[in-house]
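Quick notes on the structure that follows.
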Amino acid sequence: MGTVFQLNDDHAAAPGDEVRRVRRALGLTDADLDDLARLAAFGSTPERFRLPDGPVADQYLRDLGVCDLDRTETLGARPDPRDHPELWWLLERCYHHLISNVGRPGRLSPPWPTLSSLGAVGRFAYVWVFLAVVPHARRYHALHHVPDEVSWDSLGVIAAQMVNHRAIYGRGGLHTQDWITHHFRGAIYPLGRLHYERLIVPPGPSLDDGGPEPGDHVLGLHIPEGRLTPSSVDESLGLAGRFFARHFPDETYRYTVCTSWVLDPQLLEYLPADSNIIRFQQRFTLRPVDPTGDDSATVVEFLFKRRLAELELLPRATTLQRAVIDQIRCNRPWHFRDGWFPLGSDPT
């Protein structure tokens, strides 16, 4: 739901001289020091960090569906421990951080810092970490007998995120590295129209609304771009029920949950009641929202692949596009809303 299950990676460590040196070399800020100190704890491990060689990396990128331009630029921005020792220090720890949590659901903590001052090597650095983790992710999928097609589709979300980065920023790279860690830990699987994430409701008070309780296994529902026809959603939910029962039989999923701007009831002011989005909303019981929040920037990035600062340049070709723009112009924020419904129910 809104408060995502957190992994217990709180390796407390005061920032030392090494961490401060890395922070300076990578152009990070003092706000990154605590996270770097926590990542430093993942540096000591029997398994050596090594990147796949050129031909193997090229094949992985092809298997992941990375487009030719992004593939070429990734291969040309390979980090080297001799040329980029501080960057290598960070990538090594991110690698161990990730492989030590393969199979565990929820958000990976601490987050990996954004590397905005290192040129192409920094923009593609985390892509190389994920390429190094491909064998670990594939072994986890094989352990659970996940079909090859689903396995590569899950890991291949990185290709779409790289396309998004280029559309938003005008150059290649990856800025959603924390999101992609979910896929490379075996937490998210694309099944038909929707993607599903293995989650556990975190500790906290019960909302007593008939929905999932703290400690429950739930399927987090994610919505890629495209039409949300009722039939495509029903088909996807059926696939999910069968998939998780077969491949994760020790985890009982009774509820589907979703956190998305698509669940914002304000859309009812703009879209007809029989539209696909509104019919999708009607499946869910919503949970309370923070009225002071504002998710407009993320909505614009998702829908337009542009930044909020470019609002006046955005297209107004569809009812949904006009709705998002007009609401923001009226200083009314869009909200990500939390909702749930019982898996196997048919509210439509």
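Since we're looking at a predicted model, the values are computed, not measured.
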Do Pro79 and Leu91 touch side chain to side chain, with heavy atoms closer than 4.5 Å?
-> yes
Please assess Arg166 against Glu73 for the test salt bridge (Lys or Arg N to Asp or Glu O under 4.0 Å), listing each intermediate value before the final yes or no.
-> CA-CA 12 Å; Arg166 190 176 295 278; Glu73 292 189 6; 3.1 Å; yes
Salt bridge (Lys or Arg N to Asp or Glu O under 4.0 Å) evaluation trace for Asp30 with Arg20 | CA-CA 9 Å; Asp30 286 343; Arg20 294 182 186 279; 5.2 Å; no
Close side-chain approach of Leu320 and Ile277, heavy atoms under 4.5 Å = yes
Can you give the donor-acceptor pairs under 3.5 Å from side chains of residues 132-142 to other protein atoms, not counting sequence neighbours?
{"unit_1": "His136", "atom_1": "ND1", "unit_2": "Arg139", "atom_2": "NH2", "d": "3.1"}
{"unit_1": "His136", "atom_1": "NE2", "unit_2": "Glu47", "atom_2": "OE2", "d": "3.1"}
{"unit_1": "His136", "atom_1": "NE2", "unit_2": "Tyr95", "atom_2": "OH", "d": "3.0"}
{"unit_1": "Arg138", "atom_1": "NH1", "unit_2": "Asp148", "atom_2": "OD1", "d": "3.1"}
{"unit_1": "Arg138", "atom_1": "NH1", "unit_2": "Ser151", "atom_2": "OG", "d": "2.9"}
{"unit_1": "Arg138", "atom_1": "NH2", "unit_2": "Asp148", "atom_2": "OD1", "d": "3.1"}
{"unit_1": "Tyr140", "atom_1": "OH", "unit_2": "His144", "atom_2": "NE2", "d": "3.4"}
{"unit_1": "Tyr140", "atom_1": "OH", "unit_2": "Arg198", "atom_2": "NH1", "d": "3.4"}
{"unit_1": "His141", "atom_1": "ND1", "unit_2": "Ser151", "atom_2": "OG", "d": "2.6"}

Validation row: Ile328, Leu308 side chains within 4.5 angstrom (heavy atoms) | yes
Residues Arg21 and Asp17 bridged, charged N to O under 4.0 Å | no
Leu75-Leu69 co-clustered via ILVMFWY side chain contacts under 4.5 Å = no
4.5 Å side-chain heavy-atom contact, Gln59 and Val56 | no
Does a side-chain heavy-atom distance below 4.5 Å link Ile278 with Pro272?
-> no
So do Phe42 and Ile99 actually touch side chain to side chain, heavy atoms under 4.5 Å?
-> no
Give a yes or no on whether Glu301 atom CD has more than 12 heavy-atom contacts from other residues, nucleotides or ligands under 6.0 Å away.
-> yes
Should the heavy atoms of other residues, nucleotides or ligands under 6.0 Å from CZ of Arg227 be counted, would the total exceed 12?
-> no
Indicate the ring-plane relationship of Phe244 and Tyr189, choosing parallel, tilted or perpendicular according to the 30° and 60° boundaries.
-> perpendicular
May I ask you to decide whether Glu310 forms a salt bridge with Lys305, counting only side-chain N to carboxylate O separations under 4.0 Å?
-> no
Side-chain donor-acceptor contact under 3.5 Å, Asn101 with Arg104 = yes
Closest non-hydrogen atoms of Trp89 and Leu36, given as atom of the first, atom of the second and distance, are CH2-O, 3.8 Å
Return the orientation label for the His96 and Phe49 ring planes: parallel under 30°, perpendicular over 60°, tilted otherwise.
-> perpendicular
Does Arg185 use its side chain to pair, donor to acceptor, with the backbone of Thr181 at less than 3.5 Å?
-> yes
Does His195 have any ring pair (Phe, Tyr, Trp, His ring centres under 6.0 Å) partners at least two apart in sequence or in another chain, and if so, which?
-> none
On a heavy-atom basis, the closest approach of Asp35 and Pro111 is OD2-CG, 3.5 Å
Can you say whether the rings of Phe248 and Phe243 are parallel (under 30°), tilted (30 to 60°) or perpendicular (over 60°)?
-> tilted
Salt-bridge present (Glu213, Arg254; N to O < 4.0 Å) | no
Is the Phe130 ring parallel, tilted or perpendicular to the Phe184 ring (thresholds 30°, 60°)?
-> tilted
Check against side-chain hydrogen bond (donor to acceptor under 3.5 Å, both in side chains), Tyr196 and Thr256 = CA-CA 9 Å; Tyr196 298 85; Thr256 301; over 6 Å; no
How long is the gap from CD on Glu312 to CD1 on Ile325, to the nearest 0.5 Å?
-> 8.0 Å
The residue among Leu228, Leu286, Leu268 that forms side chain to side chain contact (heavy atoms under 4.5 Å, CB included) with Gln281 is Leu268
Which distance, rounded to the nearest 0.5 Å, do you find between the CZ of Arg38 and the OG of Ser109?
-> 3.5 Å
Could you tell me whether the side chains of Asp208 and Ser206 share a donor-acceptor contact shorter than 3.5 Å?
-> no
Of all pairs that satisfy side chain to side chain donor-acceptor pair (under 3.5 Å), the ones with a partner from residues 112-127, not counting sequence neighbours = His97-Trp112
Considering all heavy atoms of both residues, which atom of Gly204 and which atom of Pro214 are nearest to each other, and what is their separation?
-> O-CG, 3.1 Å
Apply salt bridge (Lys or Arg N to Asp or Glu O under 4.0 Å) to Asp58 and Arg71, showing your working.
-> CA-CA 7 Å; Asp58 181 75; Arg71 179 168 52 83; 2.8 Å; yes
Do you see a donor-acceptor pair shorter than 3.5 Å between the side chains of Asp83 and Trp88?
-> no
Hey, are Arg287 and Asp209 close enough for a salt bridge, meaning a charged N less than 4.0 Å from a carboxylate O?
-> yes
When hydrophobic residues are tied together by side-chain contacts of less than 4.5 Å, even through go-betweens, does Trp179 share a cluster with Leu174?
-> yes
Linked, directly or transitively: Ile168 and Phe302 (ILVMFWY side chains, under 4.5 Å) | no
Under 3.5 Å, is there a donor-acceptor pair between the side chain of Gln321 and the main chain of Ala317?
-> yes
May I ask whether Ile223 and Val324 are part of the same hydrophobic cluster, defined by side-chain heavy atoms of I, L, V, M, F, W, Y residues being less than 4.5 angstrom apart, directly or through others?
-> yes
Apply the test side chain to side chain contact (heavy atoms under 4.5 Å, CB included) to residues Arg78 and Phe124: give CA-CA distance (whole Å), side-chain angles for both, the deciding distance (0.1 Å), then the verdict.
-> CA-CA 8 Å; Arg78 181 188 181 99; Phe124 289 98; over 6 Å; no
Indicate yes or no: does Arg23 engage Glu18 in a salt bridge with an N to O separation below 4.0 Å.
-> no
Could you walk me through whether Phe284 and Val257 pass side chain to side chain contact (heavy atoms under 4.5 Å, CB included), step by step?
-> CA-CA 8 Å; Phe284 292 87; Val257 301; over 6 Å; no
Ring pair (Phe, Tyr, Trp, His ring centres under 6.0 Å) assessment of Tyr169 paired with His175 | CA-CA 10 Å; Tyr169 298 103; His175 66 292; 5.1 Å; yes
Output the distance between atom CZ (Phe341) and atom OG1 (Thr285), rounded to the nearest 0.5 Å.
-> 10.0 Å
Rounding to 0.5 Å, atoms CG (Asp290) and NE2 (His335) come to a distance of 8.0 Å
Go through the side-chain N and O atoms of Asn276 and Thr229 and say whether any donor and acceptor fall under 3.5 Å apart.
-> no
Any side-chain heavy atom of Glu197 sitting closer than 4.5 Å to one from Leu219?
-> no
Honestly curious: do Leu64 and Val163 fall in one hydrophobic cluster under the side-chain, below-4.5 Å linking rule?
-> no
Using a 4.5 Å cut-off on heavy atoms from C-beta on, say whether the side chain of Pro113 contacts that of Leu90.
-> yes
Rounded to the nearest 0.5 angstrom, the CG-CZ distance for Asp326 and Arg332 is 10.5 Å
Tightest non-hydrogen contact, residues Thr74 and Trp128, listed as O-NE1, 3.0 Å
Look up atom CG in Leu28 and atom CG in Leu115, then write down how far apart they are to the nearest 0.5 Å.
-> 6.5 Å
